[in-house]
Amino acid sequence: MSETAKINIQGKEIELPLILGSENETGIDISDLRAKTGAITLDIGYKNTGAATSAITYLDGELGILRHRGYAIEDLAENATFLEVAYLLINGKLPNNDEYKDFDLNIRHHTIVNEDMKNIFEAWPTASHPMGQLIAMISSLSSFYPESLGTGQNEEQKKLNVYRLLAKMPTICAMIYKKSLGHPFNYPQNKLDYVSNFLNMTFKHVTEDYEIDPVLVNALNKLLILHADHEQNCSTSTVRLVGSSHANLYASIGAGVAALWGPLHGGANQEVIEMLELIKADGGNVEKWVNKAKDKSDDFRLMGFGHRVYKNFDPRANIIKKACDDVLNKLGIHDSSLEIAKKLEQTALADPYFIERKLFPNVDFYSGIIYKAMGFPVEMFTVLFALGRLPGWIAQCNEMRDQKQPIGRPRQIYTGEILRPYVERGQR
Ligand code: CMC
């Protein structure tokens, strides 16, 4: 196979190097294109643009493959703990017993947040959206750890930022939930594992005992793993872009949380449940809503359907669909939203509109039903996505910095007015 690509621009032919990935994905290295031809590439929405070489996550959208550091997502979701996957993403290998113990201990050691953070919560109205709070709280960690701001940090300092982020994220997420109820916060209990600690801080009522249900722990562990990384998606690209300016890790990840909030990205899990409720309230006429999603004059889209890269199936959705049945059965919950979701899926998958466009349920389609069964309100769903995605954001940001990637700065094709003189206001 040729190791260059030829491009002919207005009669001028140049050769561009091909970059091959370890799974034989092919990229054309266009870094010299403008210098050699004066032209740039235009790819709105980055549908065809590789912005990084990365050794973290491999994804084949046609075959429905997702692997982290070479391990299949199905294998990890079945067998690993979320912290093992976090270690894997960040350090490139699965931890042995000693490495796991050390990683886990370091995270347990940093779970508490500075008491002054409570003052920030006090300023917000009870009804403020959890994601708005999460963006602010994650970024505000940089104020509590100003030593994280410098660019010349040593390895120990970098590790400390990682431990702090992973450790404080569940505490902050649980505080956000408690804030929404107007209830006092629970402190972390470091004898508990990562997921149990989060559930305890979230659901333990100050006046009552709370028994941590292993069914919930296992389900949440799996869900967090399924969200842990997804290569160069919108929020991860945001984290990398912000981090490329050498902004600190907390600010970079705060920006990623903001990108995740949108309903086309992580915000879709909230939208799915709201859509299912709407369909239920409307009498459960699934066909009507599928037709609305197909109607180009109607803004309605089937939330939790379609994906930029998966064009056959989303492997995460397959695992979640099964987990959804298991969790509801184990908890003895009957949720009519699940029936509507299954009917919606069946109807859409048989419809030529969805078949032709290769639109399938994505990770967000069934996850909300599990979160709901676990007792989370819909506004918390995207926060749970962020909790899962955190190790991926950290790993991707660190990789970008370790590769000494230059500041991200796309170009544009200008389509505005050409030069014109200033005219006095009264004469316009
Ligand atoms: N319902 C109806 N039509 C759809 C949908 C949908 N959910 N998704 C895509 N289409 C149509 C779209 O209108 C377009 O049709 P046409 O070719 O006639 O113009 C075609 O399918 C291609 O869609 P696109 O918007 O060009 O594709 P994209 O890659 O830019 O967008 C997407 C991907 C995920 C934003 C989109 O499928 C969508 O809006 N889905 C609903 C929101 C959602 O579930 N988001 C969560 C994504 S998974 C979690 C994550 O990692 O972010």
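Counting convention: from 1, in listed order, for ligands and their atoms alike. All of these numbers come straight from a predicted model, not from anything done at the bench.
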With sequence neighbours left out, which residue pairs that include part of residues 363-385 fulfil the salt bridge (charged side-chain N to carboxylate O under 4.0 Å, His left out) condition?
-> E277-K372, D335-K372

May I ask you to decide if the ring planes of F121 and W124 are parallel, tilted or perpendicular, using 30° and 60° as cut-offs?
-> perpendicular

For residues 234-253, which residue pairs qualify under salt bridge (charged side-chain N to carboxylate O under 4.0 Å, His left out), counting only residues two or more places apart or in two chains?
-> R240-E399

What do you reckon, are the aromatic ring centroids of Y177 and F203 less than 6.0 Å apart?
-> yes

Just list the N/O pairs, ligand 1 to protein, that are under 3.5 Å apart, with the distance for each.
unit_1: ligand 1; atom_1: 1 (N); unit_2: L302; atom_2: N; d: 3.1
unit_1: ligand 1; atom_1: 3 (N); unit_2: Y353; atom_2: OH; d: 2.9
unit_1: ligand 1; atom_1: 7 (N); unit_2: L302; atom_2: O; d: 2.7
unit_1: ligand 1; atom_1: 7 (N); unit_2: F305; atom_2: O; d: 3.0
unit_1: ligand 1; atom_1: 13 (O); unit_2: K296; atom_2: NZ; d: 2.9
unit_1: ligand 1; atom_1: 13 (O); unit_2: R301; atom_2: NH2; d: 3.1
unit_1: ligand 1; atom_1: 15 (O); unit_2: K296; atom_2: NZ; d: 3.0
unit_1: ligand 1; atom_1: 15 (O); unit_2: R357; atom_2: NE; d: 3.2
unit_1: ligand 1; atom_1: 18 (O); unit_2: K296; atom_2: NZ; d: 3.0
unit_1: ligand 1; atom_1: 18 (O); unit_2: R357; atom_2: NE; d: 3.0
unit_1: ligand 1; atom_1: 18 (O); unit_2: R357; atom_2: NH2; d: 3.0
unit_1: ligand 1; atom_1: 25 (O); unit_2: R301; atom_2: NH1; d: 3.2
unit_1: ligand 1; atom_1: 25 (O); unit_2: R301; atom_2: NH2; d: 3.0
unit_1: ligand 1; atom_1: 26 (O); unit_2: K47; atom_2: NZ; d: 3.3
unit_1: ligand 1; atom_1: 29 (O); unit_2: R308; atom_2: NE; d: 2.6
unit_1: ligand 1; atom_1: 30 (O); unit_2: R308; atom_2: NH2; d: 2.9
unit_1: ligand 1; atom_1: 39 (O); unit_2: R301; atom_2: NH1; d: 2.7
unit_1: ligand 1; atom_1: 40 (N); unit_2: F305; atom_2: O; d: 2.9
unit_1: ligand 1; atom_1: 44 (O); unit_2: G304; atom_2: N; d: 2.8
unit_1: ligand 1; atom_1: 44 (O); unit_2: N362; atom_2: ND2; d: 2.9
unit_1: ligand 1; atom_1: 45 (N); unit_2: L264; atom_2: O; d: 2.9
unit_1: ligand 1; atom_1: 52 (O); unit_2: H265; atom_2: ND1; d: 2.4

With sequence neighbours left out, write down each residue that passes salt bridge (Lys or Arg N to Asp or Glu O under 4.0 Å) with R67, or none if nothing qualifies.
-> E23

Does some side-chain heavy atom of L33 sit less than 4.5 Å from a side-chain heavy atom of I40?
-> no

